[in-house]
Protein chains: 2
Amino acid sequence: MNNSTAVQFFKNLADDTRLKIILLIQMERELCVCELTVALGLSQPKISRHIAQLKLHKLLSERKVGRWVFYRLVDVIPQWQKEVIELSNVNNQEYIAQCVVNLMGMGNRPTRQEKCCE
Amino acid sequence: MNNSTAVQFFKNLADDTRLKIILLIQMERELCVCELTVALGLSQPKISRHIAQLKLHKLLSERKVGRWVFYRLVDVIPQWQKEVIELSNVNNQEYIAQCVVNLMGMGNRPTRQEKCCE
DNA sequence: AAATAACATATGTTTTTTCGTATGTGTTTT
DNA sequence: AAAACACATACGAAAAAACATATGTTATTT
């Protein structure tokens, strides 16, 4: 049930929602749930469910700030897995282009937070 | 339905049988179905079904020789995907170790072919 | 303290994958 | 030509994954 196997690692990436979450977080270093719902245009429970899975498999760590929860990639994941994520990001910019547009539309923090799930 | 998207690529790798098939073929350059059934210790229809999926998504190509069909990685897959496979192989040798033992137990071709699915 | 915002999770359902088994196709052997 | 071999595929069942919706939790605001 952990991320120690290669197969489980690829399963984590083998879903549209999860892959976009990972690529966006790697790009922005840190994102909260409400930012991801806006970026992906998906419901909050759907985002939360996939995040829970990525957290379970030790790919994401959380940092709570008030009522927000920020997620980032954990830094102890195997080096080769980091490289796979990096490769995916560099070579699939158009895949998350619309998400980035949506995210930028929120402005920067703390402006972005004001627009969070309004 | 092709392999043009990153998600579909990762789905191809997100299964124990398919990942082992890909890693073994990359390691041996070329393998036939009966060699894979011995290496993985799985039924022939199961191997064939997964190979059909990998072929459908343009990851494997076939070469027919008599009653054998040899598969290899197609050479036109995106460079970053090749690198992902290469990284997976280098960093997961223990994952396919038993499969390699089973394969080596068949000897070399054509000795290996004589033992094929006897 | 009531209301609200951000997020997590539980539940039942639908969809997608995977599977075993049986059968079909083409090739080589006898 | 019949039998054996290597492989592909069809079919229904079983398992796994993803889903929408509702509700729970915690922190902030008023």
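Letters A, B, ... mirror the listed sequences (proteins, then strands); counts begin at 1.
Taking hydrophobic clusters as Ile, Leu, Val, Met, Phe, Trp and Tyr residues chained together by side-chain heavy-atom distances below 4.5 Å, B/L40 does not share a cluster with B/W68. In the hydrophobic cluster analysis, where Ile, Leu, Val, Met, Phe, Trp and Tyr join through side-chain heavy atoms closer than 4.5 angstrom, B/I77 is grouped together with B/L54. The hydrophobic cluster containing A/I25 also contains A/V76, counting ILVMFWY residues as joined when their side-chain heavy atoms lie under 4.5 angstrom apart, directly or transitively. Each of A/I47 and A/F70 belongs to its own hydrophobic cluster when Ile, Leu, Val, Met, Phe, Trp and Tyr are linked at side-chain heavy-atom distances under 4.5 angstrom.
Atom CG in B/L19 sits roughly 17 Å away from atom P in C/dT17 (whole-Å rounding). Atom CG of B/L54 and atom P of C/dT17 are 14 Å apart (whole Å). To the nearest angstrom, P of C/dA5 lies 17 Å from CD of A/E35. Here the C1' atom of nucleotide C/dC19 and the CG atom of B/D16 are 14 Å apart, to the nearest Å. If you take CZ of B/R63 and C1' of D/dA6, they are 15 Å apart, rounded to a whole angstrom. For B/E62 and D/dA6, the CD to P distance is 17 Å, given to the nearest whole Å. As a whole-Å value, the separation of B/I51 CD1 from D/dC7 P is 8 Å. If you measure from atom NZ of A/K64 to atom C1' of C/dC7, you get 9 Å, rounded to the nearest angstrom.
Annotation for B/L60 and B/V74: closest pair C-CG1, 3.4 Å, computed over non-hydrogen atoms.
Just one of A/L59, A/L31, A/I51, A/I21 meets the side chain to side chain contact (heavy atoms under 4.5 Å, CB included) condition when paired with A/Y71; it is A/I51. When each of A/H50, A/Q44, A/K46 is paired with A/S48, the side-chain hydrogen bond (donor to acceptor under 3.5 Å, both in side chains) condition holds for A/Q44 and for no other.
With B/N92 contributing its side chain and B/Y95 its backbone, the two residues share no donor-acceptor pair below 3.5 Å.
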*Base, backbone or nothing for each nucleotide of nucleotides 15-24 of chain D, written B, S, -, heavy atoms under 4.0 angstrom, 5' to 3'?*
--SSBBBB--
*Assign a letter to each nucleotide of nucleotides 24-30 of chain C from its 5' end: B, base within under 4.0 Å of a protein heavy atom; S, sugar-phosphate only; -, no contact.*
---SS--
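Distance from the side chain of B/C32 is smallest for D/dC7 among the nucleotides D/dA8, D/dC7, C/dC7.
Of the residues in residues 22-29 of chain A, none lies under 4.0 Å from DNA chain D by heavy-atom distance.
For the atom pair CD1 of A/I22 and OG1 of A/T17, the computed distance is 11.0 Å after rounding to the nearest 0.5 Å. Note that CZ of B/R63 and SG of B/C32 are 10.5 Å apart. Values are rounded to the nearest 0.5 Å.
Aromatic ring pairs are classed by plane angle as parallel below 30°, tilted from 30° to 60° and perpendicular above 60°; the pair A/F9 and A/W80 is perpendicular.
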